[in-house]
2 protein chains.
Amino acid sequence: MKKISKLERQKLLQEKLKENPFFIDKELAEIFDVSIQTIRLDRMELGIPEVRKRIKTVAKRANDQLKSVQSEEVIGELVDINLDKAGISIMETSKELLLEKSKVVRGHHIFAQANSLAVAIIDTDVALTGSAKIRYNRPVYLGERLIAKAKVENKKGNKFCVRVETKVKGELVFSGEFIVFSVEADNGIEEV
Amino acid sequence: MKKISKLERQKLLQEKLKENPFFIDKELAEIFDVSIQTIRLDRMELGIPEVRKRIKTVAKRANDQLKSVQSEEVIGELVDINLDKAGISIMETSKELLLEKSKVVRGHHIFAQANSLAVAIIDTDVALTGSAKIRYNRPVYLGERLIAKAKVENKKGNKFCVRVETKVKGELVFSGEFIVFSVEADNGIEEV
DNA sequence: CTTGTATTAAGACCTGCTACTAATTTAACT
DNA sequence: AGTTAAATTAGTAGCAGGTCTTAATACAAG
């Protein structure tokens, strides 16, 4: 790379390491055509830790996030619950979905929040979604806070009809009606 | 930790590092109350790389996986596509959802596969899901291969009705009807 | 021509290893 | 008990990718 000003180099360095934290100083020195020492100085000034720490951070964060994204009981954060009756969950997009590339939150995340809320408010060991009717009203953008409110519409035996409405600043962006079953042992319906 | 047999120790070591790959040899030595060298020998015999490599692997894989789980165009793998008509996607559960704790695949993953397939077969720059009716027929267990087939039922202008059926070994586990819109610029419906 | 910033160099030391050699302990067998 | 094999521990050299410090250059600007 052609010689550029210190400022430019440091800016590029930050970008470079943000998108790929795996570079070692030597490689960076070659990329920017400066000495290793210069890279080290740059890192110091910018407060960028060494490769091994960068990698560790990525591993830790990604590990945690994967766990939370994929294994969390409830997608989003449960802020209020009234068993067998109603519940509210909040999901910060961009915190929970921070690796999303586009600025639009993809539908299955919104679905996941609503669905897991619908299941969570049922007072039983295992609750399974049997079916659902859902509707997306407008796109949700990264950074918007999704507030999902669920309400049990009616209950017949172990079958619940739960209505979920998801809003952004009071504006309805998603609604769904979930038929959820409470079960004790395994029967024939999808756990969610 | 009390002294145990080599076999037991190596077994525990593997488990320990599986759930937390960040331990250094010294820490492991203390945990198992053996010398560092013993830990190194164990790692050798078990083919377990050093901490820094383990961490790097986690970082790389988690990075990739996060990207694929959250930002992939299609959740699952697109194996056949006939634009504006039909498509097939395969999702290996436990490969893509490997941090799942329970043995049951959670519903929003199945939904995500179906929904993204429904969107993918539409021949347009941007396709948005407007609404959906879905049904879960039976739970899907980790390890089962989900084959989703989508078919455009009818098309009116920019509005498509796509039916998706997801099967495991020929058995229907999920079905859904998605109303999808093709759009050029931003209009008012959720991108998925 | 000096002053200040930027860059490069050099050396000691650090962590968490690998690779190798060798000694010591423990358990097993006849 | 005595011998043998397996398991464990110890010790050394060397490596990668650094930190931290001190010092020497380069170079542009007043």
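In what follows, chains carry the letters A, B, and so on, assigned in the order in which the sequence lines appear, proteins first and then strands, with residues in each chain numbered from 1. As the structure is a prediction and not an experimental result, all values here were calculated from the model. Hydrogens, waters and symmetry mates are skipped; everything else that's a heavy atom, side chains included, is used.
With sequence neighbours excluded, no residue forms a side chain to side chain donor-acceptor pair (under 3.5 Å) with A:E8. Under the side chain to side chain donor-acceptor pair (under 3.5 Å) criterion, A:E165 pairs with A:R163, sequence neighbours left out. Under the side chain to side chain donor-acceptor pair (under 3.5 Å) criterion, B:R135 pairs with no residue at all, not counting sequence neighbours. Remark: A:E153 pairs with no residue by the salt bridge (Lys or Arg N to Asp or Glu O under 4.0 Å) rule, at least two apart or across chains. In this structure A:D42 satisfies the salt bridge (Lys or Arg N to Asp or Glu O under 4.0 Å) test together with A:R9, sequence neighbours excluded. Under the rule for a side chain to side chain donor-acceptor pair (under 3.5 Å), the partners of A:E45 that lie at least two apart in sequence or sit in another chain are A:K6, A:Q10.
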Quick one: side chains of residues 170-177 of chain A, donor-acceptor pairs under 3.5 Å with protein atoms, not counting sequence neighbours, listed by atom name and distance.
unit_1: A:E171; atom_1: OE1; unit_2: A:R138; atom_2: NE; d: 3.1
unit_1: A:E171; atom_1: OE1; unit_2: A:R138; atom_2: NH2; d: 3.4
unit_1: A:E171; atom_1: OE2; unit_2: A:R138; atom_2: NE; d: 3.2

How does protein contact run along nucleotides 5-24 of chain D, one letter per nucleotide 5' to 3', with B for base contact, S for sugar-phosphate only, - for none, heavy atoms under 4.0 Å?
--SBBBB----BBBBS----
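Boundaries of the chain B contact region on DNA chain C are C:dT15 to C:dA19, first to last in 5' to 3' order (nucleotide atom under 4.0 Å from a heavy atom).
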